[in-house]
Engineer: 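My questions all concern the structure below.
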Amino acid sequence: MSDKKKITRRKFIKIAGATSAVGIIAAAGIHKLTEFSSKAKGKIVIIGGGAAGLSMAALLDRWLEEPDITLIDPSDRQYYQPGFTLVASGVYEADQVWKKQEDCVPDNIKWVKDTVKEVNPVSNQIMTEANGNISYDFLVLTPGLQINWDKTEGITKETLGEGNAHSIYDFDGAIKTWAAIQKFSETGGKAIFTDTYTKHKCGGAPKKICLLTEHYTRKQNTREKAIINYYTAEKALYDVPYYVPRLLEIYKERNVDITLNTRLKGIDTVAKRVYMENIETVGEEKIVTPIIEDYEFLHFTPPMSAPDFVRNSGFSWTEGKLAAEGWVMVDKETLVHKTYSNVVCLGDCAGIPTSKTSAAIRKQVPVAAMNLISLMEGKSPTEKYNGYAACPIITDYGHVLLCEFDYDKNPQPSFPFTLLDMSKEQAAAWQLKVNMLKPLYYYGMLHGRGFS
Ligand SMILES: Cc1cc2nc3c(=O)[nH]c(=O)nc-3n(C[C@H](O)[C@H](O)[C@H](O)COP(=O)(O)OP(=O)(O)OC[C@H]3O[C@@H](n4cnc5c(N)ncnc54)[C@H](O)[C@@H]3O)c2cc1C
């Protein structure tokens, strides 16, 4: 057999997976991407091979006739992070939400398994931890976001779970959360759920785990033993008004108390006590009221920001709402950096006013890839991203409120069943969430397919 015809194990796994996913992608009616190819040349480096970086790698590899693409990422694993909520609620096993990164990186891509320390966007040089400097002609910035565990006093990533304080924003944390929810359904007591004051990935995740915990206690016939309280740092339960009335109804029906404008400051894991601040704005004045609560079970959301190297490299917004956490200063439609026109940025680290979700990335990838190719061809970027994001808010074991919206917070239904009434939770959306989105991720998006 000639070398060209030999099929490697890595390639076999990819082909097998892609084949089984074809039906799902076709059924979802989303494999409509018009084929395209370009002779554009240039060395592309992608920093970060998660949802955004690997999808970009796969699509650019398909669209460029002579691709020269390098990926820098230190991770051994490709996590399907939206599945963490399902691990934490016992729907998925932990091993169902990750694959080896070596089986996910497209064959044609040069993978440098390393961490970026800094980038000099003037000289187009990337400083890595172990491989010295790497140069680029065009840069795809997709390192996701940084979870700042140290910004919540009394707990670290390593001590998650101590004092029954949990977070599904970590893989091991999600596993521990499931054990704790089962135990809580036996003991009862007060459960506290918080989100955070920074932009964070999947704004719906803290609500999902709260509502699933509530339903789990009902499934175990122990609901009367539990008091469940939800604290949000925001001034509304959700920042897309269209979905708020039904969400409020659900919380009321389920007897989950909501407190707005409240942020978590610290946790005493020995006493099982949280320290929070309620911040009300009256005119120009901010009135800060401390809240201290004892709990039996806690689920919290840590503050998040752009990775430190992104800020230190001068990629971040310097003014406006997105500056404080260092999100990257890109044009919200073209996803091209506002200062460095050979840089595109998408995914969680992008400084754009929409939700940080894989669903948003699904729509960002073809725009960013096409615009990057235009830049490589010496043309202006013309493709536009409308801010589409989706957040499937799981409301119980069996139903999901599929929130889909754009920059203007208008509903943007993309699945036929949501056209019935997308303001309400649906069983079909649960099926989509539990059975279809993960294969769509691993065998669609990461293969450069299933975007439109
Ligand atoms: C609990 C939870 C629930 C979620 N639920 C949903 C949901 O229901 N629906 C949905 O659409 N989305 C959901 N999301 C959000 C979704 O997972 C993220 O938006 C998405 O994974 C972000 O993709 P990304 O490529 O920007 O970043 P990531 O996928 O996080 O990838 C970033 C990559 O960059 C690499 N990297 C980081 N720093 C460096 C560096 N210095 N040098 C080199 N490489 C680096 C990392 O190793 C990683 O591989 C959820 C997330 C969580 C945690």
Side-chain angles (χ1 to χ4, degrees), residues 45-57 70-89 97-98 101 104-105 111-119 126-131 134 140-147 166-171 173-174 177 195 199-209 212 299 301-302 304 306-313 327-328 345-350 352 354-365 368 388-394 400-404 429 432-434 437-438 440-441 445-446:
V45 177
I46 300 176
I47 303 179
L54 279 195
S55 304
M56 280 294 280
T70 301
L71 168 74
I72 310 176
D73 191 311
S75 182
D76 288 320
R77 288 184 175 191
Q78 180 62 226
Y79 284 106
Y80 176 64
Q81 298 171 40
F84 288 8
T85 318
L86 296 172
V87 169
S89 50
V97 297
W98 66 273
Q101 182 77 326
C104 295
V105 176
W111 176 22
V112 180
K113 198 165 176 303
D114 202 348
T115 300
V116 169
K117 287 196 302 189
E118 205 171 316
V119 181
I126 298 166
M127 283 69 98
T128 64
E129 264 179 24
N131 287 270
I134 296 175
V140 176
L141 202 47
T142 46
L145 54 68
Q146 172 176 300
I147 297 189
H166 298 277
S167 185
I168 59 170
Y169 281 94
D170 176 69
F171 175 63
T177 304
D195 62 15
K199 275 184 92 65
H200 48 286
K201 36 181 144 198
C202 193
K207 291 183 256 299
K208 299 178 205 181
I209 198 63
L212 281 165
H299 182 274
T301 306
M304 304 182 197
D308 288 340
F309 88 85
V310 165
R311 301 194 216 210
N312 298 339
S313 303
W327 309 113
V328 175
C345 172
L346 60 156
D348 284 356
C349 89
I352 49 179
T354 194
S355 280
K356 298 189 179 301
T357 63
S358 301
I361 292 169
R362 186 166 72 81
K363 296 286 185 178
Q364 292 166 8
V365 168
Y388 172 92
C391 186
I393 301 187
I394 304 171
V400 163
L401 178 62
L402 185 57
C403 307
E404 296 181 280
L432 176 79
K433 167 81 188 161
V434 173
L437 293 180
K438 186 159 65 82
L440 176 62
Y441 179 73
M445 271 176 75
L446 298 193

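Note that ligands are numbered from 1 as they come in the structure, with each ligand's atoms numbered from 1 the same way. Note that these values count all heavy atoms, side chains included, but never hydrogens, waters or copies made by symmetry.
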Engineer: Tell me which protein heavy atom sits closest to atom 42 (N) of ligand 1, plus the residue, atom name and distance to 0.1 Å.
Structural biologist: V116 N, 2.9 Å
Engineer: Quick one: does any side-chain atom of D114 pair with a main-chain N or O of N131 as donor and acceptor, under 3.5 Å?
Structural biologist: yes
Engineer: Donor-acceptor pair, distance only, cut-off 3.5 Å: does the side chain of H299 make one with the backbone of I168?
Structural biologist: yes
Engineer: Do P82 and S358 have side chains that get closer than 4.5 Å, going by heavy atoms?
Structural biologist: yes
Engineer: Under a 4.0 Å threshold between the charged nitrogen and the carboxylate oxygen, would K199 count as salt-bridged to D348?
Structural biologist: no
Engineer: What are the two closest heavy atoms between K207 and G203, and how far apart are they?
Structural biologist: NZ-O, 3.5 Å
Engineer: Checking K433 side chain against I393 main chain: does a donor-acceptor pair fall under 3.5 Å?
Structural biologist: no
Engineer: Enumerate the atoms of ligand 1 whose separation from the nearest heavy atom of D114 is less than 4.0 angstrom.
Structural biologist: 43 (C)
Engineer: What atoms of ligand 1 come within less than 4.0 Å of a heavy atom belonging to G347?
Structural biologist: 26 (O)
Engineer: If the contact criterion is a heavy-atom separation under 4.0 Å, does C391 count as touching ligand 1?
Structural biologist: no
Engineer: Under a 4.5 Å cut-off applied to non-hydrogen side-chain atoms, are P392 and L432 in contact?
Structural biologist: no
Engineer: Within a distance under 4.0 Å of any heavy atom of S75, pick out the atoms of ligand 1 and give their elements.
Structural biologist: 47 (O)
Engineer: Heavy atoms, side chains only, cut-off 4.5 Å: are F84 and T177 in contact?
Structural biologist: no
Engineer: Return the option from L86, L437, D348 holding the heavy atom at the smallest distance from atom 19 (O) of ligand 1.
Structural biologist: D348
Engineer: Given 3.5 Å as the limit, does a donor-acceptor pair link the side chain of Q101 with the main chain of D73, or not?
Structural biologist: no
Engineer: Going by the closest heavy atom to atom 45 (C) of ligand 1, which one wins out of S167, P74, P82?
Structural biologist: P74
Engineer: Looking at ligand 1, would K208 count as a contact under a 4.0 Å heavy-atom criterion?
Structural biologist: yes
Engineer: Give me the residue, atom name and distance of the protein heavy atom closest to atom 43 (C) of ligand 1.
Structural biologist: I72 O, 3.5 Å
Engineer: Is the side chain of Y169 donor-acceptor paired with the backbone N or O of K201 at a distance under 3.5 Å, no angle test?
Structural biologist: yes
Engineer: So which heavy atom in the protein is nearest atom 2 (C) of ligand 1, and how far is it from that ligand atom?
Structural biologist: Q81 O, 3.6 Å
Engineer: Can you tell me the protein heavy atom closest to atom 1 (C) of ligand 1 and the distance?
Structural biologist: I168 O, 3.5 Å
Engineer: Does the N or O separation between C349 and ligand 1 drop below 3.5 Å for any pair?
Structural biologist: no
Engineer: Could you tell me whether the side chain of V140 reaches within less than 4.5 Å of the side chain of L346, counting heavy atoms only?
Structural biologist: yes
Engineer: For atom 36 (N) of ligand 1, what's the nearest protein heavy-atom neighbour? Residue, atom name and distance, please.
Structural biologist: P143 O, 3.9 Å
Engineer: Among all the protein's non-hydrogen atoms, which is closest to atom 15 (C) of ligand 1, and how far away is it?
Structural biologist: K356 O, 3.8 Å
Engineer: Using a 4.0 Å cut-off to any heavy atom of G48, which atoms of ligand 1 qualify?
Structural biologist: 33 (C), 34 (O), 35 (C), 44 (N)
Engineer: Would you say P392 touches ligand 1, if touching means a heavy atom closer than 4.0 Å?
Structural biologist: yes
Engineer: Any atom of ligand 1 sitting under 4.0 Å from a heavy atom of L145?
Structural biologist: no
Engineer: Is a side-chain donor or acceptor of T142 paired with a backbone partner of I47 at a separation under 3.5 angstrom?
Structural biologist: yes
Engineer: Evaluate the side-chain proximity of V400 to V434: yes if any heavy-atom separation is below 4.5 Å, no if none is.
Structural biologist: no
Engineer: Would a 4.5 Å heavy-atom cut-off, applied to side chains only, mark I126 and V45 as touching?
Structural biologist: yes
Engineer: Between ligand 1 and K433, can you find any atom pair, the residue atom being a heavy atom, that is separated by under 4.0 Å?
Structural biologist: yes
Engineer: Identify the closest protein heavy atom to atom 50 (C) of ligand 1: which residue and atom is it, and at what distance?
Structural biologist: C202 CB, 3.5 Å
Engineer: Tell me the protein heavy atom at minimum distance from atom 23 (O) of ligand 1, and give that distance in Å.
Structural biologist: I361 CD1, 3.2 Å
Engineer: Would you check the N or O atoms of S358, main chain and side chain alike, for any that come under 3.5 Å of an N or O of ligand 1?
Structural biologist: yes
Engineer: Under a 3.5 Å cutoff, is there a donor and acceptor pairing between the side chains of Q81 and Y441?
Structural biologist: no
Engineer: Under a 4.0 angstrom heavy-atom cut-off, which atoms of ligand 1 come close to G144?
Structural biologist: 26 (O), 27 (O), 32 (C)
Engineer: Taking heavy atoms and a distance under 4.0 Å, where does F309 meet ligand 1: side chain, backbone, both or neither?
Structural biologist: side chain
Engineer: Taking E404 for its side chain and Y388 for its backbone only, find out whether a donor-acceptor pair lies under 3.5 Å.
Structural biologist: no
Engineer: Using a plain distance cutoff, I'd like to know if D73 has any nitrogen or oxygen under 3.5 Å from a nitrogen or oxygen of ligand 1.
Structural biologist: yes
Engineer: Which atoms of ligand 1 sit under 4.0 Å from any heavy atom of G50?
Structural biologist: 25 (O), 29 (O), 31 (O), 33 (C), 49 (O)
Engineer: With only distance considered, is G53 within less than 3.5 Å of ligand 1 through an N or O on each side?
Structural biologist: no
Engineer: So which heavy atom on K356 is nearest to which on L145, and how close?
Structural biologist: CD-CD2, 3.9 Å
Engineer: Pairs of nitrogen or oxygen atoms closer than 3.5 Å, one from A52 and one from ligand 1: do any exist?
Structural biologist: yes
Engineer: Of all the atoms in ligand 1, which lie at a distance below 4.0 Å from a heavy atom belonging to K201?
Structural biologist: 30 (O), 51 (C), 53 (C)
Engineer: Numbering the atoms of ligand 1 from 1, which are under 4.0 Å from a heavy atom of T85?
Structural biologist: 3 (C)
